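Hydrogens, waters and symmetry mates play no part in the numbers below; they use all other heavy atoms, side chains included. The chain is numbered in sequence order, starting from 1. On a predicted model such as this, the values are computed, not experimentally measured, just so you know.
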Amino acid sequence: MALFVLLSLLSSNQAGRERQKQAAIETFDKKQVEDARAMEGGVASKEDRGKQIQQDLDADKEIANLGSPDREVVNHAIVMIEYYRACKAIPDLMHLLKESPDDYIAGLAAQAIATCYQRATFDTIIEEFLRRDATPVMLDAVGKINTTDPRVIEKLKKLIDEPIRTKTSL
């Protein structure tokens, strides 16, 4: 009799665990279906929406920092704008690209603009590349827009043929 009670108890516990497991699987499956429907409908999860809101706020803060007189603040702002792919910053970045006396900052701005891949900005990037010293970030920006402009190719050839200057030879 004791053996029968023990086996019944073990069987009951196992059945309870099996029901819990099935309930968890059903809950998981329902969540997967809901997430798939949300993805198809373009609706992000609550967590994803929260992350996106925070990224938008961070991007807005970095866009505001583009007007800083501190070069390091502007440098960091451009890098973060590119990281967030905050294409709403393009007008501010275009201003920096055209007006900044600092070739490196202008190159960073061009690089961030190129990340958004808006064809309307390509001519400005090319013109600034041709007008300014070729910094590595500006070269990267020109590479990202994949231009075949003969003037760009000519400048690139000159850069390749030009002997590398060191600080001691300047």
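For the residue pair Asp56 and Lys88, the shortest heavy atom distance occurs at O-NZ, 4.0 Å. The two residues Ala114 and Ile145 make their nearest non-hydrogen contact at CB-CG2, 3.8 Å.
Looking at heavy atoms from C-beta onward, Leu130 lies in side-chain contact with Lys155 at the 4.5 angstrom threshold. Looking at Glu127 and Thr124, their side chains never come closer than 4.5 Å, going by heavy atoms from C-beta outward. With a 4.5 Å cut-off on side-chain heavy atoms, Val73 and Leu66 do not count as touching. The shortest side-chain heavy-atom distance between Ile78 and Glu62 does not fall under the 4.5 Å cut-off.
Residue pairs meeting the disulfide bond (SG atoms under 2.5 Å apart) criterion with at least one member in residues 72-149, sequence neighbours excluded: Cys87-Cys116. Sequence neighbours left out, the pairs with a member in residues 105-140 that pass ring-ring contact (aromatic ring centres under 6.0 Å, His included) are Tyr117-Phe122. Screening residues 52-89 for ring-ring contact (aromatic ring centres under 6.0 Å, His included), with sequence neighbours left out, gives no hits. Annotation: salt bridge (charged side-chain N to carboxylate O under 4.0 Å, His left out) contacts involving residues 66-81, sequence neighbours excluded, comprise Arg71-Asp102.
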Checklist entry - Going through the distances and angles, do Thr27 and Lys30 end up as a side chain to side chain contact (heavy atoms under 4.5 Å, CB included)? => result CA-CA 5 Å; Thr27 302; Lys30 285 179 185 176; 5.8 Å; no
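Looking only at distances, no side-chain donor or acceptor of Thr147 sits under 3.5 Å from a matching main-chain atom of Gly143.
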For a quick test of your reading: what N or O donor-acceptor pairs under 3.5 Å do the side chains of residues 90-99 make, sequence neighbours left out?
none

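Cluster membership for Leu159 and Met138, using ILVMFWY side-chain heavy atoms within less than 4.5 angstrom, is shared. Criterion: ILVMFWY side-chain heavy atoms under 4.5 Å apart, direct or through other members. Under it, Val137 and Met80 are not part of a common hydrophobic cluster.
Hydrophobic cluster membership of Leu57, counting Ile, Leu, Val, Met, Phe, Trp and Tyr whose side-chain heavy atoms lie under 4.5 Å apart directly or via other members: Ile53.
Glu154 is linked by a side-chain hydrogen bond (donor to acceptor under 3.5 Å, both in side chains) to nothing, counting only residues two or more places apart in sequence or in another chain. The salt bridge (Lys or Arg N to Asp or Glu O under 4.0 Å) search around Asp123 returns none, not counting sequence neighbours. Listed by chain and number, the residues in a side-chain hydrogen bond (donor to acceptor under 3.5 Å, both in side chains) with Gln54 are Asp58 (sequence neighbours excluded). For Glu82, the salt bridge (Lys or Arg N to Asp or Glu O under 4.0 Å) test picks out Lys144, with sequence neighbours left out. Considering only residues two or more places apart in sequence or on other chains, Lys61 meets the salt bridge (Lys or Arg N to Asp or Glu O under 4.0 Å) condition with none of them. Looking at residues two or more places apart in sequence or on another chain, you find no salt bridge (Lys or Arg N to Asp or Glu O under 4.0 Å) involving Arg119.
In this structure, OG1 on Thr135 lies 6.5 Å from CG on Asp103, to the nearest 0.5 angstrom. Here the straight-line distance linking atom CD of Glu128 with atom CD1 of Ile113 works out to 9.5 Å at 0.5 Å rounding.
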